[in-house]
2 protein chains.
Amino acid sequence: MPAVQTPTLRDVADAAGVHPATASRALNPATRGLVNAETARRVMKVAEGLGYRPNPMARGLKTAKSGTVGLVIPDLTNPLFPPIVRGIEDVLEPAGYSGLIVNTDNDPQREHAQIELLRSRQVEGLIVATALLDHPLMAKLQREGVPMVMVNRRPDGVDIPSITPDDAAGIEMAVDHLADLGHRRIGHLSGPATTSTGVARRRAFRNAVRDRDLDVDPALVVTCEHWTEEAGAIALRHLLDVRPDVTAIVAGNDLIALGCYDVFAERGIDCPREMSVVGFNDMPFLDKLAPPLTTLAIPHQQIGAEAARMLLDAIAEPDRAARSVLLPLSLVVRGSTAPPVT
Amino acid sequence: MPAVQTPTLRDVADAAGVHPATASRALNPATRGLVNAETARRVMKVAEGLGYRPNPMARGLKTAKSGTVGLVIPDLTNPLFPPIVRGIEDVLEPAGYSGLIVNTDNDPQREHAQIELLRSRQVEGLIVATALLDHPLMAKLQREGVPMVMVNRRPDGVDIPSITPDDAAGIEMAVDHLADLGHRRIGHLSGPATTSTGVARRRAFRNAVRDRDLDVDPALVVTCEHWTEEAGAIALRHLLDVRPDVTAIVAGNDLIALGCYDVFAERGIDCPREMSVVGFNDMPFLDKLAPPLTTLAIPHQQIGAEAARMLLDAIAEPDRAARSVLLPLSLVVRGSTAPPVT
DNA sequence: CTGAAAGCGCTAACAG
DNA sequence: CTGTTAGCGCTTTCAG
């Protein structure tokens with residue numbers, strides 16, 4: 001017969017000799033001022049003694065607030081996301097919120113279902129990392145007034161707060177670095193054209209090579225189907241077929257760069273002697289690769305933290321103007337870039 | 001004036017011309033049988049049309065079930081966990097459950113607070129990956145009847161279902177592999193003595209070297225303070241100081257093995273020519289290291305999935321006997337192991 | 001098979 | 001400052 005029913009607010013009130021409403025006021029920091037300081041103290045002590053824990057479902061039912069937000073990511077298994085999620089949680093927790101994570105696997109159907117699930121769980125807002133450039137669902141959610149923040153990517157033409165890397169600046173740094181090393185024929189394996197990061201980096205690359213009088217042959221730019229190792233490998237094989245004289249690669253992200261490593265191994269290309277590569281994101285453990293990958297670092301945890309803060313703001317003040325932030329990047333030079341063999 | 005209040009069960013009932021109770025029965029698969037098939041169909045159609053979504057808070061308030069479980073992990077940023085979490089979510093979701101993740105950073109205080117948080121959120125059970133050998137909190141939770149499953153590690157002397165790798169078998173495979181290559185002086189950098197995996201692997205290592213007539217000098221076994229790269233590096237430096245003639249290392253896990261790589265770099269040791277290393281866990285991207293790490297692979301997602309299944313069972317039938325499963329491992333031979341230079 | 005009534009635990013007016 | 005009252009949306013007896 002153990003399992004002493006967890007005490008309810010009534011129990012606390014009874015034990016403290018007050019009405020449940022008073023106990024409620026005393027226990028809630030926001031309304032504690034309405035209560036005699038002495039009574040409040042007593043109630044709190046009793047609550048503590050009984051091991052009282054408010055039931056958020058009951059509270060939520062009354063207040064229509066769940067204390068949860070949804071985190072919509074493609075796949076937790078992609079090393080880019082854990083640090084972001086961690087940053088988010090670190091901000092949500094002290095604010096009394098929890099995050100519910102869902103994985104969409106980049107499948108729009110699944111995304112739709114997962115977001116439905118989150119909404120049915122009464123999440124108060126959404127942090128979305130799966131945005132596509134053209135994303136009707138996001139637009140619809142926004143119209144319905146769901147507080148939202150986009151992370152890493154953002155849809156076109158909707159006024160949703162977002163926190164994204166400064167893709168153009170990053171690509172310029174990468175191209176500058178390679179040009180400084182002496183590279184003239186630089187290729188770009190861009191991310192899917194359906195994502196903002198994909199097109200922004202691609203456009204930035206085109207501009208950068210043009211401005212620096214490097215080889216602007218369109219064949220040097222190949223678009224990957226996905227942000228994956230496999231897609232990166234396929235793209236590089238294709239590029240090498242049409243432009244075997246390329247000496248350096250700017251990869252759309254680190255996973256695509258890893259795909260390049262696979263092709264190097266398979267074709268016996270010596271990186272960085274025969275071919276340089278730059279990644280994007282600075283995922284964990286890149287410094288342990290052979291060779292360690294030169295890449296653009298973004299402050300993952302800070303992104304997450306900032307996104308969570310923005311979302312909490314949006315929840316608190318639903319109709320404040322959407323603020324969007326562009327993250328500064330830094331180039332981390334490691335072993336995968338070197339002067340070309342001329 | 002948009003934001004049409006999300007429809008409630010009452011709305012559905014009204015629209016279908018039935019009592020809310022009937023609508024409730026019709027919508028819940030478990031009670032649908034109690035309702036005229038025709039009525040049920042009608043109610044469901046109306047619900048669908050209205051875009052009705054049951055409010056889990058209201059339901060939970062009534063049924064004392066939240067449809068959530070807590071996932072207690074040290075740090076999501078540790079690459080071991082995302083695949084496990086993914087495996088868990090993949091089982092929870094179709095069952096109508098969601099997971100709430102908390103990070104403890106291996107801090108008992110924080111763990112306690114986080115578990116309180118989860119309990120106050122009315123989680124129906126816990127999947128715990130932070131178990132220590134001596135873990136009063138776990139024992140207490142078990143006494144209180146909280147459904148729980150341990151993952152990866154397990155406390156001593158409490159009868160809690162767990163799903164852990166077959167540490168002994170794994171270490172034997174590692175030692176066999178090294179012995180077959182010709183190594184006689186094998187070191188072990190074990191995990192903390194406070195964790196089941198730490199002591200089990202350490203004990204297994206001792207037995208393995210004894211049984212194979214290899215060097216059994218206790219100085220060849222060094223215990224790391226933490227399961228981290230840094231701790232691994234420190235331990236290896238210490239080992240090299242006392243036994244510079246060691247030719248191979250069995251690391252307590254992959255992160256500790258990565259610490260070894262750092263020391264190799266710092267002391268100019270050529271791995272695998274001068275020193276072999278075996279890791280444990282087969283984290284992602286180990287195959288891209290220089291050299292690719294030989295390690296023991298565990299089926300991460302499956303662990304997670306199995307743990308979730310066990311927890312759902314425990315929630316459904318609270319007093320069924322605790323079942324524990326030992327996971328088979330496989331040795332993945334890559335480039336970090338080779339015959340010793342004799 | 002369906003309706004009526006009650007209540008899960010909490011908060012929010014509204015009185016006092 | 002505190003008690004009363006009502007009700008969030010749903011499920012679950014209990015009658016009919």
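The basis for the numbers below is simple: all heavy atoms, side chains too, and nothing from hydrogens, waters or symmetry mates. Throughout, protein chains are lettered first and strands after them, A, B, ... in sequence-line order, and every chain is numbered starting at 1. Since the structure is predicted, the reported quantities are computational estimates derived from the model, not experimental observations.
- Applying the 4.0 Å criterion to OP1 and OP2 of dC10(D), one finds that Thr8(B) has a side-chain N or O inside that range.
- Atom CZ in Arg121(B) sits about 18 Å away from atom P in dG9(C), given to the nearest Å.
- Judged by atom type and distance alone, Arg25(B) reaches the base of dG3(C) through a side-chain donor-acceptor pair under 3.5 Å.
- Thr39(B) comes within 4.0 angstrom of sugar-phosphate atoms only, judged by non-hydrogen atoms across all strands, and of no base.
- Map Arg59(B) and Val35(A) each onto its nearest nucleotide of DNA chain D; the residue landing nearer the 5' end is Val35(A).
- Regarding Asp11(B), its CG atom lies at a distance of 11 Å from the P atom of dC8(D), rounded to whole Å.
- Note: CG (Leu61(A)) to P (dT11(D)) measures 12 Å, nearest angstrom.
- Under a 3.5 Å cut-off, the side chain of His112(A) and the backbone N or O of Gln109(A) do not form any donor-acceptor pair.
- OP1 or OP2 of dT11(C) has at least one side-chain nitrogen or oxygen of Ser24(A) nearer than 4.0 Å.
- The CE atom of Met57(B) sits 18 Å away from the P atom of dC8(C) (whole-angstrom rounding).
- In terms of phosphate contacts, Arg10(B) brings no side-chain nitrogen or oxygen within less than 4.0 Å of OP1 or OP2 of dG9(D).
- The separation between Leu9(B) atom CG and dG7(C) atom P is 19 Å, rounded to whole Å.
- Side-chain contact between Met44(B) and Leu27(B) is present, with heavy atoms from C-beta onward closer than 4.5 Å.
- Just one of Val46(B), Val43(B), Asp11(B), Leu9(B) meets the side chain to side chain contact (heavy atoms under 4.5 Å, CB included) condition when paired with Tyr52(B); it is Leu9(B).
- Between the base of dG9(D) and the side chain of Lys62(B) there is no donor-acceptor pair shorter than 3.5 Å.
- Between Arg53(A) atom CZ and dG9(C) atom C1' the separation is 14 Å, expressed in whole Å.
- The residue from Arg154(B), Lys140(B), Gln142(B), Glu111(B) that alone fulfils the side-chain hydrogen bond (donor to acceptor under 3.5 Å, both in side chains) condition with His135(B) is Glu111(B).
- Per the geometry, CD belonging to Gln122(B) stands 15 Å off P belonging to dC8(C), to the nearest Å.
- For Val18(A), counting side-chain heavy atoms from C-beta on, the closest listed nucleotide (dG3(D), dG9(C), dC1(C)) is dG3(D).
- Listed pair Thr63(A) / dT11(C) fails the phosphate criterion, with no side-chain N or O lying under 4.0 Å from OP1 or OP2.
- Checked by atom type, the side-chain pair Ser66(A)/Arg121(A) shows no donor-acceptor distance below 3.5 Å.
- To the nearest angstrom, P of dG16(C) lies 15 Å from NE2 of His19(A).
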